[in-house]
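If you're wondering where the values come from, they're calculated on a predicted model, not measured in any experiment. All values below come from the heavy atoms of this structure, side chains included, with hydrogens, waters and symmetry mates left out. The first residue in the sequence is number 1, and the count goes up from there.
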Amino acid sequence: MRFYNAEAFTARVSDVAVIEAETPQDYYFAIERLRDTALIARGYFSVVEIIAAYENGFRQFGTAQHG
């Protein structure tokens, strides 16, 4: 995980966490565990949005399409 402070750039969120996982199942389990923590369950933080992304996906797609 990596954390970023965003409050100087947006009013929507104050902090951003980047979660990397080897498999979709690893990611899913990490999110389920996070939801059960006091930070989320007691409302200290709320998950506003989850944005799935694939790092350098355009490059890998181009390579796969053109060999």
Side-chain angles (χ1 to χ4, degrees):
M1 293 182 77
R2 294 190 315 271
F3 300 95
Y4 300 87
N5 296 96
E7 62 269 354
F9 304 102
T10 178
R12 181 168 163 77
V13 299
S14 62
D15 297 277
V16 176
V18 175
I19 302 170
E20 296 181 15
E22 293 292 322
T23 67
Q25 182 183 44
D26 290 343
Y27 172 81
Y28 177 81
F29 287 0
I31 293 300
E32 287 297 326
R33 287 183 187 106
L34 181 62
R35 289 176 52 196
D36 291 337
T37 65
L39 290 175
I40 303 297
R42 293 190 184 156
Y44 297 111
F45 286 91
S46 59
V47 177
V48 176
E49 192 169 359
I50 295 176
I51 302 170
Y54 193 78
E55 186 175 17
N56 293 319
F58 67 97
R59 288 188 182 127
Q60 292 182 30
F61 180 76
T63 300
Q65 292 298 307
H66 299 101

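Contacts of Glu55 classified as side-chain contact (heavy atoms from CB on, under 4.5 Å), with partners at least two apart in sequence or in another chain: none. Phe3 meets the side-chain contact (heavy atoms from CB on, under 4.5 Å) test with Met1, Ala17; sequence neighbours excluded. Under the side-chain contact (heavy atoms from CB on, under 4.5 Å) criterion, Ala30 pairs with no residue at all, not counting sequence neighbours. Residues meeting the salt bridge (charged side-chain N to carboxylate O under 4.0 Å, His left out) test with Arg12, sequence neighbours left out: Glu49. With sequence neighbours excluded, the residues satisfying side-chain contact (heavy atoms from CB on, under 4.5 Å) with Tyr4 are Arg2, Val16, Val18.
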Can I get a per-line list of side-chain donor-acceptor pairs under 3.5 Å for residues 34-48, giving both atom names and the distance, sequence neighbours left out?
| unit_1 | atom_1 | unit_2 | atom_2 | d |
| --- | --- | --- | --- | --- |
| Arg35 | NH1 | Glu32 | OE2 | 3.1 |
| Thr37 | OG1 | Leu34 | O | 2.7 |

